[in-house]
A.B. asks: 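There's a structure below that I have some questions on.
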Amino acid sequence: MKSSVIVFPGSNCDRDVAVVLEKLQFKNSMIWHKETELPRSDLIVIPGGFSYGDYLRSGAVAAKSNILSEVIRAANKGALILGICNGFQILIECGLLKGALLRNSKLKFISKDILVKVLSNKNKFFNKYKDGEVLKLNIAHNEGNYFTDKKHLDELEDNNLIPLKYCDKKGNLNNECNPNGSINNIAGIFNKDKNILGMMPHPERMSDKFLTNEDGLGLFLSLMN
Amino acid sequence: MKFSVTVTLKKDVLDPQGKVVGQTLKNMGVKNLNQIRQGKFFEIDLSEENSTKGKNQVKEMCEKLLANQIIEDFKIKITE
């Protein structure tokens with residue numbers, strides 16, 4: 001598997017993702033945002049961080065960078081695209097995913113471990129998980145409050161395009177376990193073809209049992225399938 | 001030609017910052033405050049003398065970058 005990790009000024013999870021990908025024998029390249037060409041990649045990761053200092057809106061400036069037009073082209077050809085945290089914000093700002101990520105409902109930057117439930121495993125990203133499995137992942141964001149209109153929300157729910165929702169230990173979905181106010185507890189969404197995934201939690205931070213746990217590793221293992 | 005652009009969250013989108021600012025003003029004794037919405041303000045200076053052309057160009061800037069139309073509205077004014 002060939003992968004590319006896009007690096008912007010202000011990206012800070014790029015190397016964490018690269019470590020996981022290389023551990024799993026992905027042939028990985030780090031691609032600076034000014035590049036105008038992407039190497040052929042089965043997987044493109046847009047990592048977390050604060051691209052361009054979150055100026056204007058999180059991800060808004062990165063979405064107009066040189067390399068993003070190449071990412072969009074690859075996405076339309078069916079490459080797998082994974083946007084984590086700021087990467088999710090960038091995917092939304094460039095139009096590859098619909099909706100918006102608003103400021104967290106309690107107006108605070110949240111950095112903590114949370115629980116999410118895998119709601120759909122019949123796809124390229126979660127096939128190594130069981131349906132309904134509860135994962136402990138980490139979030140660290142200020143704008144993770146997912147919002148979209150009723151029509152799109154119905155489309156997401158009806159077509160299994162929401163693979164991850166914030167939940168409690170038993171897998172229940174409720175307001176108490178929703179850290180940022182996201183509509184329907186949404187933690188991650190797919191595009192229609194399920195080759196593009198945007199998610200606020202960081203799977204790369206939970207991919208080494210000596211550091212944290214390996215709840216996030218399954219996502220990268222799934223991608224190799 | 002100079003323009004000003006105001007970008008605010010749409011009416012049906014929760015504006016937590018505006019809410020906190022409004023609450024603070026109420027705590028400070030402002031009794032007749034109905035609502036407050038927080039937004040962003042841009043001053044744009046264009047080398048363009050034709051106001052229609054200039055306004056259209058600023059509109060395009062808003063649609064493509066300055067505002068996220070899913071959650072935000074924008075208003076354009078010619079200032080000079």
Side-chain angles (χ1 to χ4, degrees), chain A residues 51-66 68-69 72 86 88-110 141-153 155-156 175 178-184 186 189 191 198, chain B residues 2-28 30 33-48 54-79:
Chain A
S51 58
Y52 299 92
D54 277 351
Y55 288 2
L56 193 62
R57 294 178 305 277
S58 309
V61 183
K64 306 291 175 196
S65 62
N66 286 345
L68 248 286
S69 32
I72 293 169
N86 188 221
F88 186 10
Q89 294 162 339
I90 294 168
L91 287 177
I92 283 201
E93 282 288 344
C94 76
L96 283 177
L97 291 174
K98 286 198 242 168
L101 287 156
L102 307 177
R103 277 196 77 177
N104 297 338
S105 56
K106 287 176 188 160
L107 295 180
K108 282 191 178 144
F109 185 95
I110 308 168
H141 61 247
N142 198 35
E143 285 90 10
N145 178 355
Y146 184 77
F147 175 83
T148 194
D149 57 43
K150 174 85 175 63
K151 189 171 162 257
H152 181 229
L153 186 63
E155 196 183 307
L156 290 173
N175 277 339
N178 182 345
N180 52 25
S182 280
I183 195 162
N184 288 18
I186 289 175
I189 61 163
N191 65 330
Chain B
K2 288 185 180 167
F3 300 84
S4 74
V5 171
T6 317
V7 177
T8 45
L9 285 168
K10 287 188 176 182
K11 282 208 177 78
D12 52 351
V13 176
L14 180 71
D15 172 20
Q17 291 188 86
K19 246 186 170 173
V20 170
V21 173
Q23 194 52 52
T24 308
L25 287 170
K26 278 183 188 167
N27 295 345
M28 287 163 70
V30 182
L33 181 73
N34 294 324
Q35 209 200 9
I36 187 161
R37 304 281 286 175
Q38 186 171 325
K40 293 175 191 145
F41 180 73
F42 301 87
E43 287 175 332
I44 300 170
D45 189 349
L46 279 185
S47 305
E48 174 62 65
K55 209 172 172 181
N56 282 338
Q57 212 184 327
V58 173
K59 187 168 170 262
E60 202 183 329
M61 291 178 194
C62 291
E63 288 165 353
K64 289 195 171 162
L65 183 67
L66 302 185
N68 175 348
Q69 288 182 274
I70 298 163
I71 48 167
E72 292 169 325
D73 288 324
F74 60 86
K75 275 183 206 146
I76 303 169
K77 265 189 198 162
I78 298 173
T79 49

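Letters go in sequence order (proteins before strands), and every chain restarts at 1.
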A.B. asks: Do you see a donor-acceptor pair shorter than 3.5 Å between the side chains of A/Asn86 and A/Ser51?
C.D. replies: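 Yes, because at least one side-chain N or O of A/Asn86 sits under 3.5 Å from a partner of the opposite role on A/Ser51.
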A.B. asks: Taking the side chain as every heavy atom from C-beta outward, state whether A/Ile186 and A/Leu153 have any atom pair closer than 4.5 Å.
C.D. replies: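 The answer is yes, as the side chains (C-beta and beyond) meet within the 4.5 Å cut-off.
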A.B. asks: Counting only non-hydrogen atoms closer than 4.5 Å, does A/Leu107 touch chain B with its backbone (N, CA, C, O), its side chain (CB onward), both, or neither?
C.D. replies: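 Only the side chain of A/Leu107 comes within 4.5 Å of chain B.
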A.B. asks: So A/Glu155 and A/Lys151, salt bridge (Lys or Arg N to Asp or Glu O under 4.0 Å) or not? Walk me through it.
C.D. replies: CA-CA 6 Å; A/Glu155 196 183 307; A/Lys151 189 171 162 257; 5.1 Å; no
A.B. asks: Examine whether an atom of B/Leu65 lies under 4.5 Å from a heavy atom of chain A, and if so say whether it belongs to the side chain, the backbone or both; otherwise answer neither.
C.D. replies: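 Both parts, heavy atoms under 4.5 Å.
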A.B. asks: Is it the side chain or the backbone of B/Val13 that comes within 4.5 Å of chain A heavy atoms, both, or neither?
C.D. replies: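 For B/Val13, side-chain heavy atoms alone lie under 4.5 Å from chain A.
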A.B. asks: Counting N and O atoms only, with roles assigned by atom type, does the side chain of B/Thr79 sit under 3.5 Å from a partner on the main chain of B/Lys2, one being a donor and the other an acceptor?
C.D. replies: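 Indeed, once roles are kept as given, a pair shorter than 3.5 Å links the two residues.
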A.B. asks: Pick from A/Ser105, A/Gly181, A/Gly99: which one has the most heavy-atom pairs with chain B under 4.5 Å?
C.D. replies: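 With the most close heavy-atom pairs to chain B, the winner is A/Gly99.
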A.B. asks: Donor-acceptor pair, A/Lys64 side chain versus B/Lys64 backbone, under 3.5 Å?
C.D. replies: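 Checked: pair present.
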A.B. asks: Which region of B/Glu72, side chain (C-beta onward) or backbone (N, CA, C, O), has a non-hydrogen atom less than 4.5 Å from a non-hydrogen atom of chain A, or is it both or neither?
C.D. replies: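 Only the side chain of B/Glu72 comes within 4.5 Å of chain A.
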